[in-house]
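Have a look at the structure below before the remarks.
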There are 2 protein chains.
Amino acid sequence: MSDEYALALSGDAQDLLFRTARTANSFADKPVTDEQIRAIYELVKWAPTSMNQQPLRIVLVRSPEAREKLITHLYDFNKQKTSAAPLTAILAADVNFHEELPRLFPHNPAIKDVFGDETMRVPVARFNAALQVGYFILGIRAAGLAAGPMSGFDQAGVNADFFPDGEHQVLAIVNIGEPGENPWFDRLPRLDYEDVVTTV
Amino acid sequence: MSDEYALALSGDAQDLLFRTARTANSFADKPVTDEQIRAIYELVKWAPTSMNQQPLRIVLVRSPEAREKLITHLYDFNKQKTSAAPLTAILAADVNFHEELPRLFPHNPAIKDVFGDETMRVPVARFNAALQVGYFILGIRAAGLAAGPMSGFDQAGVNADFFPDGEHQVLAIVNIGEPGENPWFDRLPRLDYEDVVTTV
């Protein structure tokens, strides 16, 4: 190990967030509280977005009616585990995030006007909200909970049912809770450093 | 504080990754080694992507020629700080990530064929690579380094110069190093929990 660079992050934290943390496919029958979600948000809100845009919006799906509606849009392999999860959140991009920029970027409130064109604004919203989806998944793990992020669902259906005004676009859906019985699939292989990183 | 939920992640780790970590705009004159980047990658590679796609690709821009070429594509406010950064990385999505799926998703190698349609595949690649950009930014911080992620550049120009075969699309550029003199701008406000999280 002597030729390896030691990270500043403790080994315990590396394990909690990355190494032993796993995508959960079953959850314990134990509620996830608003206080837990608040604690996660109050941590991950500090991670960076372009020009402090913060376009991620989170919908906690708690009522039986909303849960039922959401599950109709999931692909079959995601339905059962979501029905049994203590909490499911819809993660979406606010495509009108620029309306908030005068208070989020107060030294240059006119930056809002740069985003007047929707064809340019929507991809920017989706990219920055996707960064925040990544931060939020790690935040769930930071809370000692397991995340079960999913992309296997009908995006247009979720948007029509949950965001009918067109101002938000779903990016991912995530189950949240303590892991249940046999919660993990086998760990899948990762690309080697040499596959991913090149130098020019 | 008694009504707050305590995160499992230690306070030191919270600070290192989120609370005291900041986007750097100047860097110390100290190299960032390949060993450091490797250590970051070997940590963040474990964070999840949809169907284990792992579409992020990282180009370390080290040669003077490549650095000069990259800087021509940056918006003016990003040129000087990038010229002075010890290392700059281009973060891109591999839009042909599906070619790797037989080895990354070995229990169902035919999943590759789901992604035959490029108009469906490219947004999937960009979304999952954006998650990984978020993980990578936090990984830089986990290494005790500061990240300076940027979106202010000519994407088409970077793609033409660095990815002429069209198989990769740049998502972000990030400066990496130890913070230099006066490295931080004032911290910008974050949205309140109530602005971001709703319950249905």
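Side chains included, hydrogens not; waters and symmetry mates left out as well; all remaining heavy atoms used. Below, chains carry the letters A, B, ... as their sequence lines are ordered, and counting in each starts from 1. Bear in mind the structure is a predicted one, so any value in this text is a computation, not a measurement.
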Do you know which of A/I40, A/D34, A/L9 has the most heavy-atom pairs under 4.5 Å to chain B? A/L9
Over all heavy atoms of both residues, which pair between B/L17 and A/L17 is shortest? Give the atoms and the distance, please. CD1-CD1, 3.4 Å
Do A/R103 and B/L191 have side chains that approach each other closer than 4.5 Å (heavy atoms only, starting at C-beta)? yes
Above 12 or not: heavy atoms from other molecules or residues under 6.0 Å from CG of A/D29? no
Where does A/T198 contact chain B at under 4.5 Å (heavy atoms): side chain, backbone, both or neither? both
Which atoms of A/D186 come close to chain B, meaning under 4.5 Å heavy atom to heavy atom: side chain ones, backbone ones, both, or neither? neither
Rounded to the nearest 0.5 angstrom, the CG-CG distance for B/L138 and A/L131 is 9.5 Å
Closest approach of A/T23 and B/P48, non-hydrogen atoms and distance? OG1-CB, 3.7 Å
With heavy-atom distances below 4.5 Å as the criterion, would you say the side chains of B/V200 and A/E65 are in contact? no
Closest heavy-atom pair and its distance - B/L188, A/F105: CD1-CD1, 3.8 Å
Heavy atoms only: give me the nearest A/R19-B/E42 pair and the separation to one decimal. NH1-O, 3.5 Å
Okay, A/I137 and chain B: the region with an atom under 4.5 Å from a heavy atom over there is side chain
Under a 4.5 Å heavy-atom cutoff, which of A/A66, A/A21, A/A143, A/A92 has the most pairs with chain B? A/A143
Would you mind checking which part of B/N128 comes under 4.5 Å of any heavy atom in chain A, side chain (CB onward), backbone (N, CA, C, O), both or neither? neither
Okay, A/A130 and chain B: the region with an atom under 4.5 Å from a heavy atom over there is both
Kindly check if the number of other-residue, nucleotide or ligand heavy atoms within 6.0 Å of CD (B/E167) is above 12? yes
Engaged part of A/I90 at the chain B interface, taking heavy atoms whose separation is under 4.5 Å: neither
What option among A/L16, A/L104, A/V133 has the most heavy-atom pairs under 4.5 Å with chain B? A/L104
Cut-off 4.5 Å, heavy atoms of chain B, and the answer for A/V124 is neither
Side-chain donor or acceptor of B/R190 paired with backbone N/O of A/K45 under 3.5 Å: yes
Between B/L43 and B/I58, is there a shared hydrophobic cluster once you connect ILVMFWY residues whose side-chain heavy atoms come closer than 4.5 Å? yes
Ion pair check, B/R38 and A/E194, cut-off under 4.0 Å: yes
Interchain contact, A/F127 with chain B, by part (heavy-atom threshold 4.5 Å): both
Heavy-atom cut-off 4.5 Å, strictly under: side chain, backbone, both or neither for A/R67 against chain B? neither
Heavy-atom distance under 4.5 Å between the side chains of B/R22 and A/W46, does that happen here? no
Sub-4.5 Å side-chain heavy-atom contact between A/Y193 and B/I37: yes
Report, as yes or no, whether the 6.0 Å neighbourhood of atom CD on A/E99 holds more than 12 heavy atoms from other residues, nucleotides or ligands. yes
Heavy atoms of B/D192 and A/Y41 approach each other most closely as C-CE2, 3.9 Å
Among A/T49, A/V59, A/V44, which residue has the highest count of heavy-atom pairs closer than 4.5 Å to chain B? A/V59
Hey, which residues of residues 168-185 of chain A are touching chain B, say heavy atoms under 4.5 Å apart? A/L171, A/A172
For the interface with chain B, which of A/V197, A/L145, A/N52 has the highest count of heavy-atom pairs at distances below 4.5 Å? A/N52
Which pair of non-hydrogen atoms, one from A/Q54 and one from B/P189, has the smallest distance, and what is that distance? NE2-O, 3.1 Å
